[in-house]
**Q** 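Let me give you the structure first, and then I'll get to my questions.
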Number of protein chains: 2
Amino acid sequence: MNNVQDESLRDQKKIRRRLQILEIARAIIATKGLRSLKVRDVAEAAGCSVGSVYNEFGDFDGVILTVNRETVQALTLRLAGVPSEDPVRQLYGLAETYLAFFAEHANLLRSLFEHRMEDDRPYPDDILQMVMDAFALMYPPLVRLLPKADDVKIALLSRTLFSAVHGIISLGLEERMVAVPPQMLRQQVDQFLDAHLAGLGILPVR
Amino acid sequence: MNNVQDESLRDQKKIRRRLQILEIARAIIATKGLRSLKVRDVAEAAGCSVGSVYNEFGDFDGVILTVNRETVQALTLRLAGVPSEDPVRQLYGLAETYLAFFAEHANLLRSLFEHRMEDDRPYPDDILQMVMDAFALMYPPLVRLLPKADDVKIALLSRTLFSAVHGIISLGLEERMVAVPPQMLRQQVDQFLDAHLAGLGILPVR
DNA sequence: GATTCATCTTGAACATTGTTCATTTTCAAG
DNA sequence: CTTGAAAATGAACAATGTTCAAGATGAATC
């Protein structure tokens, strides 16, 4: 096994094609929504046959799931970049960064949260785990802010808080529903955190 | 026009069939999820042709949307039954009732929130309005609890709070994600409200 | 009750889209 | 260059949404 450079001409093409398929699928989901994603469109845009898509991803769900996996990875990266000096600021930063990312990639996030598998096939564990990990990112700042509290409780609180923020944002960005202006929505999120942190006995140092 | 009883034999059959189709579609969504809903299955179970389904509902989305409409109506009915003597209790009651309803009808609620129209057709306004109205049900108790606050702000707060509760519940019930035991989830929701109401300066009288 | 006609119902045919697989093509190895 | 394993192809198939010409139904009229 040559780890350093195992780049046969064959593998190069394979890798390039794989990336191209994913890029195209992601673009379609992002611009026209998951429901508009069609195998033939992807294959044609990637300049290959539908069979190749199946060779590379097993089935069409495989394409969607790979895009979703990369979406949650990108999200995690963005969230991990939130400054952590001040734990209170970090909490606001996480919420606001989630809002910004969701606003930029609404359809990709919806694909991540709304896609259902055919029949009773299970959703891939690694994706679920990554989502859970992202939603656990409020844990470190909360631990610093509530040093007396039980670890398990803080873990729960972290998930609860992030889920609440997710609800506010995902419904707030649902153009079908309210079409809250993004600026307004940021205010909403901030005020929500104001009140909730105050209720937890945390001083909003803003 | 005979308003009292315009029941020709024809109309009776039409109405009965319509109800039957909806009942079957609802049952399939509720038990196997929206993605498992197929025209032919519905038609066969209803003892009619696929053409009749189209005559009655225009297209397949029409069936789904009608089920969704009835779901939000049932939800509103349940939420409207929450006692309103004590405004604080009412808020907890609304959240807990939403949790109970969501737990009982998880797939129907997911159909309501996750169904996307084909192409760029708009989601029916009346359904959106009903969802918004349901999410505004926290407004009356909040007004009583925060008499000094601006009406518009309370309207926003109502939507924000309900959206937050929705996020906690919809992700908490996502068996693919966490599989929080329902009893645990109720505790989570209650504690969430505890903290948030405290932060709003409302005494949790529990 | 027979006739008529508007309406509803039917289901085969069609359209769209996911999936398979026998055949052909490619290319790294010998 | 030859060869064989792997990949690519795309026609055929399968599943499913949609249409519509032809037939069935029942309310109205006589």
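Since this is a predicted model, take the numbers as computed values, not measurements. In what follows, chains carry the letters A, B, and so on, assigned in the order in which the sequence lines appear, proteins first and then strands, with residues in each chain numbered from 1.
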**Q** Of the nucleotides C/dT20, C/dG11, C/dA13, which has the atom closest to the A/V50 side chain?
**A**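 Between C/dT20, C/dG11, C/dA13, the one nearest the side chain of A/V50 would be C/dT20.
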**Q** Taking the nucleotide of DNA chain C with the closest heavy atom to each, which residue, B/G47 or B/E118, is nearer the 5' end?
**A**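 Closer to the 5' end of DNA chain C: B/G47.
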**Q** Looking at B/Y92 and B/D194, would you say the former's side chain and the latter's main chain have a donor-acceptor pair under 3.5 Å?
**A**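 Such a contact is found between B/Y92 side chain and B/D194 backbone.
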**Q** Parallel, tilted or perpendicular for A/H166 and A/F113, by the 30°/60° rule?
**A**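 Aromatic pair A/H166/A/F113 classed tilted.
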**Q** Among the nucleotides D/dA7, C/dC8, D/dG17, which one has an atom lying closest to any side-chain atom of B/K38?
**A**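 Of all the options, the side chain of B/K38 is nearest to D/dG17.
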**Q** If you measure only the distance, is there a donor-acceptor pair under 3.5 Å linking the side chains of B/T160 and A/Q188?
**A**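 Yes, side-chain donor-acceptor contact under 3.5 Å.
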**Q** Would you say a side-chain N or O of A/K13 is under 4.0 Å from OP1 or OP2 of D/dA8?
**A**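 No, A/K13 has no side-chain N/O under 4.0 Å of OP1/OP2 on D/dA8.
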**Q** So B/R17, base contact, sugar-phosphate only, or nothing? Heavy-atom distance under 4.0 Å.
**A**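 Counting heavy atoms under 4.0 Å across all strands, the contact made by B/R17 is with sugar-phosphate only.
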**Q** Measure the distance from CZ on B/R16 to P on C/dT9 and round it to the nearest whole Å.
**A**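 Rounded to whole Å, this separation is 13 Å.
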**Q** Between A/R186 and A/E96, does the salt bridge (Lys or Arg N to Asp or Glu O under 4.0 Å) criterion hold? Intermediate values first, please.
**A** CA-CA 7 Å; A/R186 179 176 161 153; A/E96 289 170 4; 3.1 Å; yes
**Q** Determine the sole option in B/L75, B/I169, B/V165 for which the side-chain contact (heavy atoms from CB on, under 4.5 Å) test with B/F102 is passed.
**A**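 Exactly one candidate clears the test, B/I169.
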**Q** Just how far, in rounded Å, is C1' of C/dC8 from CD1 of B/I15?
**A**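 Rounding to the nearest Å, CD1 of B/I15 and C1' of C/dC8 are 14 Å apart.
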**Q** Okay, side chain of B/S52, backbone of B/C48: is any donor-acceptor separation there less than 3.5 Å?
**A**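 No, the answer is negative, given that no donor and acceptor are paired below the 3.5 Å cut-off.
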**Q** To the nearest Å, how far apart are B/E44 CD and D/dG17 P?
**A**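 Rounding to the nearest Å, CD of B/E44 and P of D/dG17 are 14 Å apart.
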**Q** Grab the NZ-P distance between A/K14 and D/dA5 for me, whole Å please.
**A**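 After rounding, the reported distance stands at 18 Å.
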**Q** Does B/S52 make a side-chain N or O approach to OP1 or OP2 of C/dT10 shorter than 4.0 Å?
**A**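 For C/dT10, OP1/OP2 do have a side-chain N/O of B/S52 under 4.0 Å.
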**Q** Report the nucleotide, chosen from C/dT26, C/dT19, C/dG11, that has the shortest atom-to-atom distance to any side-chain atom of B/S49.
**A**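 The closest nucleotide is C/dG11.
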**Q** Could you tell me whether the side chains of A/Q129 and A/D133 share a donor-acceptor contact shorter than 3.5 Å?
**A**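 There is such a pair between these side chains.
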**Q** Grab the CD-P distance between B/Q12 and C/dT9 for me, whole Å please.
**A**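 Interatomic distance, CD of B/Q12 to P of C/dT9: 14 Å.
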**Q** Measuring from the side chain of A/R40 (C-beta onward, heavy atoms only), which nucleotide among C/dG18, D/dA7, C/dT9 has the closest atom?
**A**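 Selected nucleotide: C/dG18.
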**Q** Look at atom CD of A/E44 and say whether more than 12 heavy atoms of other residues, nucleotides or ligands are closer to it than 6.0 Å.
**A**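 Not more than 12 within 6.0 Å, no.
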**Q** Rounded to whole Å, please give me the gap between CD1 in A/I28 and C1' in C/dT17.
**A**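 So the CD1-C1' distance, A/I28 to C/dT17, works out to 14 Å.
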**Q** Test your reading of the model: is there a side-chain donor-acceptor pair from A/S158 to the backbone of A/F135, 3.5 Å cut-off?
**A**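 Answer holds: yes.
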**Q** In Å and rounded to the nearest 0.5 Å, what is the CZ to CG distance from B/R116 to A/N107?
**A**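 The CG atom of A/N107 is 7.5 Å from CZ of B/R116, to the nearest 0.5 Å.
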**Q** Using atom names, set out every protein N or O paired with an N or O of nucleotides 22-24 of chain D below 3.5 Å, distance rounded to 0.1 Å.
**A**
none

**Q** Starting at CG of B/L34 and ending at C1' of D/dT16, how long is that distance when rounded to a whole Å?
**A**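 Interatomic distance, CG of B/L34 to C1' of D/dT16: 14 Å.
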**Q** Mind running a 4.0 Å heavy-atom check of residues 53-71 of chain B against DNA chain D and sending the residues that fall below it, in number order?
**A**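 Residues of residues 53-71 of chain B that come under 4.0 Å of DNA chain D are, in numerical order, B/Y54, B/D59, B/F60.
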**Q** Take atom CD of B/Q20 and atom P of C/dT9, then tell me their distance rounded to the nearest Å.
**A**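 Rounded to the whole Å, the gap is 13 Å.
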